[in-house]
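Encoded as structure tokens, here's the structure I'll be asking about.
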Amino acid sequence: MDALSNRPSYQLAGFLYLLAVSLAAYLGGFAAGLVATVLATLGLDFFFTPPRHDFIPVNGDQVAGVGLFFVVAILISQLFERRRQVQQQAEAATARANRLQAVTAQLAEAVTPQQVLDAIVTQGVEAAEARAGAIGLLTTDGDTIEIVAQRGYEQNIFVGWESFPLSSDTPMGKAIREETPFFFSTSAERNAAFQTMARIGGPSHALAILPLVVEARAIGAIAFTFPTEIEFNAERRALKATLAQQAAQAIDRVRLYEGERALRQRMTFLADASELLGSSLDYETTLAQLARLAVPEMATWCSVDILAPDGSIQRLAVAHEDPDRVAWAERLGEEYPPDPDQPMGVPNVIRTMTAEFVPEITDELLVEAAQGDERLLDIVRELGLRSAITVPLVARGRALGALSLIRDDTVPRYTDLDLDLASELARRAASAVDNAGLYREAERRGDASRALAHVDDGVVLLDEDGAVVSINPAAARILAVDEAAVVGETALGSIGGWSEIEDNARPEQGGTRGPVTLPLVLSDGSERWVSVSGVDFGDGAVYALRDVTEERLLERTRSDFVATASHELRTPLAAVLGAVKTLRRDDVSFDPDQREVLMDMIDREAERLSGIVGQILLTGQLDAGRLRLEHERFDPVALTKSVVDSAELHLPSGIELRVQAVDDLPAVAGDENQLRQVISNLVDNAIKYSPQGGDVELRLHRNGQFARIEVADSGLGIPRDEHHRIFEKFYRLDPALTRGVNGTGLGLYISKELVERMNGRISVDSEPGRGSTFVVEVPLAI
Ligand code: ADP
């Protein structure tokens, strides 16, 4: 050994051979190292161990040397092999960690369920070293598993398996039910456990199914399919479990986030809808807008149907994102009008006032809905309708219509949350429609009561118990009551004179009565003639009242006038007749004086007769508006004096007539003859109503642009509250007040009419027992 080692060439060769072995082991692993070791040992023995070029060692040292070399080379190879393995393991671990890290990173960024699923089935499949993967989630009702994402499988593998019951004999069903993972190294193993899977072919491969567990509850499962058969060691199982756990947490987090976002979206949608509903009282437009608002957020299709007063169902609005589709749907709606007796859909919802919720529109359902109409069935099939909600629009216990929301298969199905939202939306829409109706009604009533407030006829509305529901201002005035005091009270108890109305004008149930004219003694003690008619409308009665006191009075005055006028005419006529008969007597001879007295009498009475007839005729002319007045300029003083002069001719004893006039009174403008009639009428009255005699003074002076003519007597006088009435047609004071002085009640009426037609005015100032002063003012001529 020493001899060998002492040789520098031998040592160097040995060192170089060890280097070569190391290099081979480093690069190629243990197998390469072993080959290099054998070759190096042979090379060292053949080329460098004496005897050279011979494999047979000559002594024990040489054998030991070659053996030692061999052992060292083997050890070096093993060393490098170990190192190499450690490095490979480290690299694999790093790669796995990186893949897991990639999954985690992508999951952290995911905000929609789809993004989570994408991250898991793309990155996750890779991290799990699988060929394909799928995720199934439990639906909200917890009975069904829905395949929500898949990757790497052949196109059609999930056809018919988009969703299946949790109770099914499937790896996912079992994994979720038992909350346990299943690992199958071969297809045969899987098929043995699940008969249903046997038909799913392909070369034999491994399969791992893990439940997705959140808060100790399985929400779904993830499946990994491997390209080949694999033995699942503990490490592999742990990795899959980690992936499943991350997936479950991410799905849960996103679901929470999604739930919150959906809630926010719902709240915003409801707020928008409420604002829209409150924005207008035109409910038709508003509901149409609401339908548009629901699309596409809430529905692919949204429609609003309204129950018409005749019981038919009318489509108020259809909304879809595509206007062409809306037009098409409207045409279809006209072609297939809803039958109110239809056992399902809008008519049923309106009839039963209960929502219809079809989370999954199945083909059987479409067939049933089409009721044998093949064309309709084709149309609805083509629409790809997936899920539907129809909610009734109910206000104050009455169905007004229905709101329908439909989603097609491009969007997720409706859930119970959507049903809640739709119900809330319908509730708000119905109350908006109802409010609009109430408002219209109130406005209509408001219009009616405004009209009633302005009519002169009284209207009283009583309920079926006879209580006053409403009374318009005219009725309150006619019945002398306070509107506020009687509303809510019974008419009999609160309105004076109502018993008279009740007795004479109360209509039969559903009938009408009247009009009848009744004298009523009112609450304030006054009497009034009221014409009343009543109509009963079932829930109460309405009475129309008209105050006819004036008309009644006029009528009475008129009949009084006929009596008065006949009396007035008869007196002078009798005098004339008497005088004529006397004059014609053969048995009496009259001296000229006696004859003169009688002739005088005839003259005077005939004059009086003609005066009365003249007044009646003039009144007729004034009433018919046929009297034409002159517009002339004349001296009022001269006119007054001439009237006084003619009155002086047959002035009763005890009466003295005087005229007092200012010197410079200008001329007036008017009809001289008619003004003469007025002044002479006032002078006649002044004399007539001074039975005790006295002074009658006529005073003339200027009052601004008027000439003022006063006729003052010291006679009977007139009570104050009669002042305005004495100018009325036919009106005469009570005979007790006039001591039986005759008259027609036309003189002052005519005077007033004439003066006013001359743009003048007439008034009286008087008190009983203190005489009267009548004042006439006529405009001065300019
Ligand atoms: P009559 O023909 O009755 O006099 P008038 O119209 O001239 O009709 O007068 C209406 C009523 O006014 C009379 O009935 C009388 O009661 C009252 N009257 C008119 N003038 C006087 C007067 N100067 N003094 C008192 N009463 C008068």
Side-chain angles (χ1 to χ4, degrees), residues 553-554 556-572 604-605 607-623 640 643-644 647 651-652 654-659 674-699 709-756 761-776:
L553 224 56
L554 191 64
R556 217 187 69 198
T557 340
R558 210 174 263 153
S559 57
D560 285 355
F561 166 74
V562 174
T564 319
S566 2
H567 175 75
E568 282 293 293
L569 291 169
R570 201 174 311 127
T571 318
R604 206 173 51 247
E605 293 302 323
E607 190 79 22
R608 197 171 137 199
L609 260 180
S610 122
I612 295 169
V613 173
Q615 274 190 341
I616 296 172
L617 287 174
L618 192 54
T619 303
Q621 279 179 315
L622 284 170
D623 284 354
T640 308
V643 172
V644 169
L651 200 62
I655 297 281
E656 201 151 316
L657 279 177
R658 266 200 307 271
V659 180
Q674 302 299 4
L675 190 62
R676 182 193 310 279
Q677 166 98 19
V678 173
I679 297 171
S680 93
N681 182 37
L682 294 179
V683 171
D684 282 354
N685 279 353
I687 297 168
K688 232 171 36 172
Y689 297 104
S690 299
Q692 309 281 317
D695 290 351
V696 173
E697 198 169 68
L698 285 93
R699 297 184 284 261
I709 307 159
E710 296 175 4
V711 182
D713 64 57
S714 50
L716 298 171
I718 307 156
R720 275 202 176 272
D721 52 358
E722 300 279 357
H723 285 188
H724 71 285
R725 298 215 65 188
I726 55 174
F727 294 99
E728 286 174 13
K729 195 165 34 173
F730 307 127
Y731 192 78
R732 307 199 68 234
L733 285 192
D734 194 289
L737 293 172
T738 54
R739 310 240 179 112
V741 177
N742 292 330
T744 54
L746 288 175
L748 286 181
Y749 166 72
I750 292 170
S751 301
K752 184 171 188 274
E753 292 291 316
L754 290 176
V755 170
E756 283 177 357
R761 48 201 184 211
I762 186 167
S763 60
V764 65
D765 182 20
S766 175
E767 257 178 66
R770 308 185 65 170
S772 314
T773 302
F774 282 84
V775 179
V776 172

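Counting convention: from 1, in listed order, for ligands and their atoms alike. Side-chain atoms are counted along with the backbone in the values below, which use heavy atoms only and exclude waters and symmetry mates.
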Applying salt bridge (charged side-chain N to carboxylate O under 4.0 Å, His left out) to Glu605 and Arg608, what does each step give before you reach the verdict?
CA-CA 5 Å; Glu605 293 302 323; Arg608 197 171 137 199; 3.4 Å; yes

Quick test of your reading of the model: are Asp713 and Arg770 salt-bridged, counting only N-O distances below 4.0 Å?
no

Atom NZ in Lys688, atom CG in Leu716: separation rounded to 0.5 Å?
11.5 Å

Are Leu716 and ligand 1 in contact, using a heavy-atom cut-off of under 4.0 Å?
no

Could you point out which residue of His723, Glu728, Glu722 forms a side-chain hydrogen bond (donor to acceptor under 3.5 Å, both in side chains) with Arg725?
Glu728

Is it the side chain (CB and beyond), the backbone, both or neither of Leu746 that lies under 4.0 Å from ligand 1, heavy atoms counted?
backbone

Which residue and atom name correspond to the protein heavy atom nearest atom 26 (N) of ligand 1, and how close is it?
Ile718 CG1, 3.4 Å

With heavy-atom distances below 4.0 Å as the criterion, list the atoms of ligand 1 near Gly745.
1 (P), 2 (O), 3 (O), 6 (O), 8 (O)

Which of the numbered atoms in ligand 1 are under 4.0 angstrom from any heavy atom belonging to Gly743?
1 (P), 2 (O), 3 (O)

Any idea which atoms of ligand 1 are less than 4.0 Å away from a heavy-atom of Leu733?
14 (O), 16 (O)

Does the side chain of Val776 reach to within under 4.5 Å of the side chain of Leu675, using non-hydrogen atoms?
yes

Look at atom 3 (O) of ligand 1 and say which protein heavy atom is nearest, naming residue and atom and giving the distance to 0.1 Å.
Arg732 NE, 2.5 Å

How far is atom 12 (O) of ligand 1 from its nearest protein heavy atom, and which residue and atom name does that atom have?
Ile726 CG2, 3.5 Å

Run the contact test for Tyr731 against ligand 1 with a 4.0 Å cut-off on heavy atoms, strictly below, and give the result.
yes

In terms of heavy-atom contacts, does CD of Glu607 have more than 12 from other residues, nucleotides or ligands at under 6.0 Å?
no

contact_flag Lys688 ligand 1 heavy-atom lt 4.0 Å
yes

Report the nearest protein non-hydrogen atom to atom 7 (O) of ligand 1: residue, atom name, distance rounded to 0.1 Å.
Asn685 ND2, 2.8 Å

Find all atoms of ligand 1 within a distance of less than 4.0 Å from any non-hydrogen atom belonging to Asp713, and give their numbers and elements.
22 (C), 23 (N)

Give me the nearest non-hydrogen protein atom to atom 4 (O) of ligand 1 as residue plus atom name, then the distance to 0.1 Å.
Tyr689 OH, 2.8 Å

Does a sphere of radius 6.0 Å around CZ in Arg658 hold more than 12 heavy atoms from other residues, nucleotides or ligands, not counting ones at 6.0 Å or beyond?
yes

Step by step, would you call Phe727 with Val764 a side chain to side chain contact (heavy atoms under 4.5 Å, CB included)?
CA-CA 10 Å; Phe727 294 99; Val764 65; 4.1 Å; yes

Exceeds 12 heavy-atom contacts within 6.0 angstrom, atom NZ of Lys752:
no

Please confirm whether Ser772 comes under 4.0 Å of ligand 1, counting heavy atoms of the residue only.
yes

